[in-house]
Amino acid sequence: MDLDHLNAAQRAAVTAPPGYHLVVAGAGTGKTRTLVHRLAWLLDQGEDPAGVVLLTFTRRAAEEMLRRASALVGGKAHRVRGGTFHSFAHGVLRRHGDRIGLGRAFTVLDRGDAADMVGLVRTELALGGKGRRFPQKDTLLKLISTGVNTGRSLSALVDEQFPWFLNDLPDIERLAARYAERKLAQDVLDYDDLLVHLDRLLKEHADARREIAGGCRHVLVDEYQDTNRLQGRIAALLSVVHGSLMVVGDEAQSIYRFRGATVENILRFPTVFSGTQVTVLEENYRSTQPVLDLANGVLASARERFDKRLHSQQNEGPKPVLIELADDGDQAGVVVQRVLELREQGVGLRRMAVLFRSAWHANLLELELGRANIPFRKFGGIQFLEAAHVKDVFALLRVAANPRDGLAWFRVLQLFEGIGKGTAQRIGDAVLAADPPALDPGPWAGRRFGPDLAHLADLLADIQAHRQDVGAVVERVLGWYLPRLPALYDDAGPRAKDLESLPVLADGHRDLDRFLAEVALEPPSSVDTEAADAEDEWISLSTIHSAKGLEWHTVFVLALADGAFPSGYSLQDPELIEEERRLFYVAVTRAERCLFLLAPRIVRGRGLTGLGQGCRLLDELPDLDQRVERIAEGHAPGSETAPEPAGEAEAARLAAVLSFYDG
């Protein structure tokens with residue numbers, strides 16, 4: 001392979017011998033290019049593609065890397081096992097799950113369905129109710145999931161996050177146990193179960209480990225800084241037979257602690273695996289050096305980090321601009337003004353983005369953009385599968401795929417007039433009691449909803465005859481569901497339009513179980529389903545978490561003020577402040593050329609940040625004034641000017657006004 005277009009550090013990573021290898025890839029340093037060439041180089045050296053495993057955090061990332069690798073070495077790259085941790089686990093458990101008691105027909109619950117099942121267990125155990133405050137289903141699921149992904153006990157998590165529920169800890173633990181029992185009884189797994197069962201399989205069953213891990217001669221992990229403890233352990237277990245594991249990431253971009261990710265995985269990697277070869281990628285191909293000088297300052301103020309300094313061959317460019325303002329109202333006006341100026345200079349709206357710590361920071365800006373007739377799109381919102389009508393359709397598909405899925409039955413049965421929660425539970429229990437589980441409409445024939453149940457039974461029988469054509473199955477389900485939509489929702493028209501994307505998602509799939517698992521593991525967002533016109537002009541508004549991995553010519557970072565960014569929750573916690581600093585680094589490194597930092601004294605919305613507190617992310621940054629151009633706008637500190645004294649100029653202006661208006 002021709003590797004001359006790679007820099008020296010990239011070539012070292014690409015051609016590294018088998019073993020444990022950590023690639024510390026600073027922002028914009030060609031991480032994906034390096035991984036793609038590593039994949040292609042392994043295949044070019046004669047490695048069996050089936051023995052190479054690529055673990056990423058999105059299916060799209062894996063598909064794109066394999067596509068690019070195939071352009072270098074041919075179609076054999078598509079035989080590499082690439083995908084997310086969860087999708088890899090799903091595939092392994094389909095083949096080997098019987099060794100730990102899993103049925104091969106299990107279905108996967110998405111987050112919303114898992115929360116619904118927790119809610120059913122909560123009701124079943126009579127927890128909460130009048131006179132007693134008990135955690136809601138989403139809080140309970142978060143506790144259970146965080147415990148699984150971080151290896152911490154429920155008691156420790158409740159004590160730390162919800163101390164007011166400590167007296168309820170025995171019932172919370174009882175609910176968690178019952179939730180696990182119900183999933184097992186219904187042959188369903190939630191996201192976390194996929195990792196838990198794979199981890200258990202690899203740890204406890206030596207024969208399975210040798211067969212599974214033995215086939216993984218080279219394990220590559222992308223975005224390693226975003227792994228949780230469970231994912232880190234799985235990656236390690238997959239490497240124990242052959243001892244070859246390459247992880248790629250940037251500790252300075254570890255920003256998903258709230259999902260259970262731990263920066264310790266990447267920071268401690270050389271300690272855990274003795275003899276680790278460390279390669280640091282520092283040449284940035286995205287940003288100008290003035291932007292990188294600021295990013296390096298953010299890195300320098302971090303408490304714990306790898307030694308790296310980003311540099312670029314693009315030495316020329318404007319310094320980042322720090323704009324100090326009175327409040328977020330002024331902030332919105334300044335951003336709109338700068339956006340219009342840049343557009344007049346030839347920078348298209350699609351090349352600009354406004355980033356923020358929390359979605360509410362952009363509320364006033366959205367209003368101001370609307371007044372100025374500047375189109376925008378906001379990212380980081382509701383997932384497509386969270387919409388009620390979409391969940392209805394997928395519940396129908398799930399009962400067709402797995403008749404033991406009691407939660408899906410509970411939702412489907414309530415689509416009929418005359419069936420409430422109690423009746424839905426009774427019918428669902430009757431379905432699950434049958435052997436094999438199936439809907440028998442006979443006992444309910446005399447009820448008002450009897451004909452509806454008969455039609456549903458016919459639909460499910462029809463689906464079974466077409467399971468190998470998922471597109472046809474989806475069309476049949478929609479044909480049954482869409483006529484019922486107006487009776488279920490007032491805004492049936494827009495909801496029906498949403499559902500037009502489902503046959504597109506299903507097109508080409510030949511396995512209903514696999515389709516449902518893929519959608520549950522990586523749900524499409526509402527943005528994914530829009531047929532956006534490539535010529536549309538709009539500016540991106542995005543949370544920083546949603547902007548990771550993206551880049552724009554010009555970036556505005558909002559609300560740099562203690563209590564807003566960094567968030568108020570982090571101010572007394574050194575570890576959380578470090579994550580806020582990493583979040584700031586991610587925001588800064590999204591900019592290719594122009595970067596504007598907005599620092600209002602007051603941020604309205606969820607309380608005030610206070611007056612004159614500043615922003616410690618900026619205050620702790622060394623040599624700040626050498627790295628930025630500082631500007632005071634509006635009534636920001638120091639921007640007030642004394643009124644011009646009355647005199648000849650005032651008299652002249654008054655005379656001109658009176659002359660014009662009074663003739």
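What you are looking at is a predicted structure, and each value in this text was computed from that prediction instead of being measured.
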Please name the residue in the list Asp513, Asp405, Asp187 that meets the salt bridge (Lys or Arg N to Asp or Glu O under 4.0 Å) test with Arg398.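 That would be Asp405; it is the only one of Asp513, Asp405, Asp187 passing the salt bridge (Lys or Arg N to Asp or Glu O under 4.0 Å) with Arg398.
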Qualifying residue for side chain to side chain donor-acceptor pair (under 3.5 Å) with Asp226, from Arg259, Lys548, Gln231: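 Looking at Arg259, Lys548, Gln231, the match for Asp226 under the side chain to side chain donor-acceptor pair (under 3.5 Å) is Lys548.
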I'd like to know if the side chain of [X] and the backbone of [Y] have a donor-acceptor N/O pair within less than 3.5 Å.
X      : Y      : answer
Asp199 : Leu195 : no
Lys183 : Ala114 : no
Arg447 : Gly418 : no
Arg411 : Leu407 : no
Thr227 : Glu223 : no
Ser254 : Gln225 : yes
Arg81  : Ala50  : yes
Arg152 : Thr146 : no

Can you pull the ring-ring contact (aromatic ring centres under 6.0 Å, His included) pairs that have at least one residue in [range], sequence neighbours excluded?
range            : result
residues 138-190 : Phe162-Trp164
residues 218-242 : Tyr224-Phe269
residues 409-443 : Phe416-Trp480
residues 96-126  : His90-Phe106

Name all residues meeting the side-chain hydrogen bond (donor to acceptor under 3.5 Å, both in side chains) criterion together with Glu181; count only those two or more places apart in sequence or in a different chain, and write none if there are none.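 In terms of side-chain hydrogen bond (donor to acceptor under 3.5 Å, both in side chains), with neighbours along the sequence ignored, Glu181 is linked to no residue.
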Holding to side-chain hydrogen bond (donor to acceptor under 3.5 Å, both in side chains), I want the full list of residues that pass it with Asp98, two or more places apart in sequence or in another chain.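 So Asp98 forms no side-chain hydrogen bond (donor to acceptor under 3.5 Å, both in side chains) with any residue.
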Any chance you could measure [X], atom [atom1], to [Y], atom [atom2], to the nearest 0.5 Å?
X      : Y      : atom1 : atom2 : answer
Leu175 : Leu141 : CG    : CG    : 10.0 Å
Leu202 : Leu238 : CG    : CG    : 5.5 Å
Phe449 : His455 : CZ    : NE2   : 14.5 Å
Leu237 : Ile234 : CG    : CD1   : 7.5 Å
Leu439 : Leu413 : CG    : CG    : 7.0 Å
Arg377 : Leu541 : CZ    : CG    : 11.5 Å

Check [Y] with [X], please: is the shortest side-chain N to carboxylate O separation under 4.0 Å?
X      : Y      : value
Arg60  : Glu64  : no
Asp110 : Lys391 : yes
Arg99  : Glu211 : yes

[atom1] of [X]: more than 12 outside heavy atoms within 6.0 angstrom?
X      : atom1 : answer
Lys142 : NZ    : no
Arg210 : CZ    : no
Arg229 : CZ    : no
Asp207 : CG    : yes
Glu124 : CD    : yes

Atom of [X], atom of [Y] and distance for their closest heavy-atom approach:
X      : Y      : result
His545 : Ile255 : NE2-O, 2.9 Å
Gly82  : Ala62  : C-CB, 3.9 Å
Leu478 : Pro483 : O-CD, 4.1 Å
Ser70  : His78  : OG-NE2, 3.5 Å
Leu502 : Val393 : CD1-CG1, 3.8 Å
Arg79  : Asp48  : NH2-OD1, 3.3 Å

Parallel, tilted or perpendicular, judged at 30° and 60°: which one describes the rings of Phe394 and Phe515?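 Ring orientation of Phe394 relative to Phe515: parallel.
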Apply the test side-chain contact (heavy atoms from CB on, under 4.5 Å) to residues Leu230 and Phe85: give CA-CA distance (whole Å), side-chain angles for both, the deciding distance (0.1 Å), then the verdict. CA-CA 10 Å; Leu230 187 53; Phe85 276 90; over 6 Å; no
Any chance you could lay out the salt bridge (Lys or Arg N to Asp or Glu O under 4.0 Å) test for Arg484 and Asp392, step after step, and finish with the verdict? CA-CA 11 Å; Arg484 292 166 168 78; Asp392 292 343; over 6 Å; no
Is any side-chain heavy atom of Leu125 closer than 4.5 Å to a side-chain heavy atom of Asp171?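 The answer is no, as the side chains (C-beta and beyond) never meet within the 4.5 Å cut-off.
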Step by step, work out the side-chain contact (heavy atoms from CB on, under 4.5 Å) result for Val477 and Leu397. CA-CA 8 Å; Val477 168; Leu397 294 171; 3.7 Å; yes
Dump the intermediate steps for salt bridge (Lys or Arg N to Asp or Glu O under 4.0 Å) on Asp168 and Arg174, then the final yes or no. CA-CA 10 Å; Asp168 295 306; Arg174 186 160 60 100; over 6 Å; no
Going by side chain to side chain contact (heavy atoms under 4.5 Å, CB included), Phe88 matches just one of Leu54, Leu198, Leu194. Which one?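 Among the candidates, only Leu198 passes.
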The single option from Leu512, Asp511, Leu516 passing side chain to side chain contact (heavy atoms under 4.5 Å, CB included) against Arg514: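 Of Leu512, Asp511, Leu516, side chain to side chain contact (heavy atoms under 4.5 Å, CB included) with Arg514 is met by Asp511 alone.
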